[in-house]
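A quick write-up on the structure given underneath.
Both backbone and side-chain heavy atoms feed into the values below; hydrogens, waters and symmetry mates do not.
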Amino acid sequence: MSDLAQLYAAHAFWFWLGLGAVLLGLEAASGSGWLLWPAASAGVVAVITLLGLHIGALGEVAIFAVLTLVSTFLARRYLVHAPKGHPDINDPNLRLVGKKGQATKAFIHGHGRAFVGNAEWLADLESGGDLAVGSQVVVTAIEGSRLVVKPA
């Protein structure tokens with residue numbers, strides 16, 4: 001057996017754990033979502049080798065390949081994806097788009113206040129004009145710290 005094969009045979013756990021860490025690091029750097037599942041699969045194979053199941057390098061590669069394909073397919077099929085209209089998932093204000101609220105101050109010449117999402121906001125009517133206190137509104141956009149709304 002060659003030196004490389006002996007090294008792998010003696011430290012298979014560290015090989016798979018290292019591969020998983022590298023793939024996870026690449027995933028964190030890219031944010032693509034495609035390398036998360038191969039990283040997890042490498043971790044599973046590392047645990048299999050740690051348990052002492054001797055299936056050989058070819059068997060470990062086969063398990064890694066099958067786990068990667070199955071987990072990637074299932075994740076793409078069943079996990080919920082972020083909505084396309086929200087570029088920053090960390091901005092909770094973007095989640096207000098589409099929410100209903102109520103005018104808390106009369107809209108005069110398109111400017112007023114609305115209660116949406118447990119807070120009162122400065123708001124502008126999408127089409128301008130006036131709107132009475134208590135009228136129902138729907139958020140259509142956010143411009144800075146102001147909501148753009150339309151009558152519900």
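Applying the under-4.5 Å side-chain rule to Ile, Leu, Val, Met, Phe, Trp and Tyr, the cluster around L7 consists of that residue alone. In this structure, F115 shares a hydrophobic cluster with no other residue, the cluster being traced through Ile, Leu, Val, Met, Phe, Trp and Tyr side chains under 4.5 angstrom apart. Listed by chain and number, the hydrophobic cluster partners of I108 come to none, as no ILVMFWY side chain reaches under 4.5 Å of it. Other residues sharing the hydrophobic cluster of L17, ordered by chain and number and joined by side-chain separations under 4.5 Å: F13, W14, L50.
Both I55 and V44 sit in one connected hydrophobic cluster of ILVMFWY residues. Membership requires side-chain heavy atoms under 4.5 Å apart, directly or through other members. Transitive grouping of hydrophobic side chains (ILVMFWY, heavy atoms separated by less than 4.5 Å) brings V45 and V61 into a common cluster. In this structure, V138 is not a member of the same hydrophobic cluster as I142, with clusters built from ILVMFWY side-chain heavy atoms closer than 4.5 Å. Hydrophobic clustering (ILVMFWY, side-chain heavy atoms < 4.5 Å, transitive): V148 and L122 are in distinct clusters. Hydrophobic clustering (ILVMFWY, side-chain heavy atoms < 4.5 Å, transitive): F73 and L23 are in distinct clusters.
A heavy-atom distance below 4.5 Å is found between the side chains of R76 and W34. With a 4.5 Å cut-off on side-chain heavy atoms, L26 and S32 do not count as touching. When side chains are defined from C-beta on, V139 does not count as touching W121, because their heavy atoms never get closer than 4.5 Å.
Among all heavy-atom pairs drawn from V116 and K99, the shortest one is CG1-CB, 4.0 Å. Between P38 and F64 the shortest heavy-atom distance is O-CE1, 3.2 Å. Nearest heavy-atom pair, S71 versus S41, reported as atom, atom and distance to 0.1 Å: OG-OG, 3.7 Å.
To the nearest 0.5 Å, atoms CD1 (I63) and CH2 (W16) are separated by 9.0 Å. Atom CG of L19 and atom CG of L24 lie 11.0 Å apart (nearest 0.5 Å). Going from atom CG of L147 over to atom CG of L125 covers 11.5 Å, rounded to the nearest 0.5 Å. Distance check: L36 CG to L79 CG gives 9.0 Å after rounding to the nearest 0.5 Å. To the nearest 0.5 Å, atoms CG (L67) and OG1 (T72) are separated by 10.0 Å.
The main-chain N or O of A114 is never found under 3.5 Å from a side-chain atom of Q102 such that the two would form a donor-acceptor pair.
No more than 12 heavy atoms of other residues, nucleotides or ligands sit less than 6.0 Å from atom CG of L58.
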(message) Please determine whether side chain to side chain contact (heavy atoms under 4.5 Å, CB included) holds for the pair T49 and F15, giving the CA-CA distance in whole Å, both sets of side-chain angles, and the decisive distance to 0.1 Å.
(response) CA-CA 10 Å; T49 61; F15 170 80; over 6 Å; no

(request) Show your working on side chain to side chain contact (heavy atoms under 4.5 Å, CB included) between F107 and V149 and close with a plain yes or no. (result) CA-CA 11 Å; F107 282 76; V149 298; 4.0 Å; yes

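For residues 100-116, every residue pair satisfying the salt bridge (Lys or Arg N to Asp or Glu O under 4.0 Å) rule, not counting sequence neighbours, is listed here: R113-E120. Sorted by first and then second residue, the side chain to side chain donor-acceptor pair (under 3.5 Å) pairs involving residues 141-152 (not counting sequence neighbours) are D124-R146.
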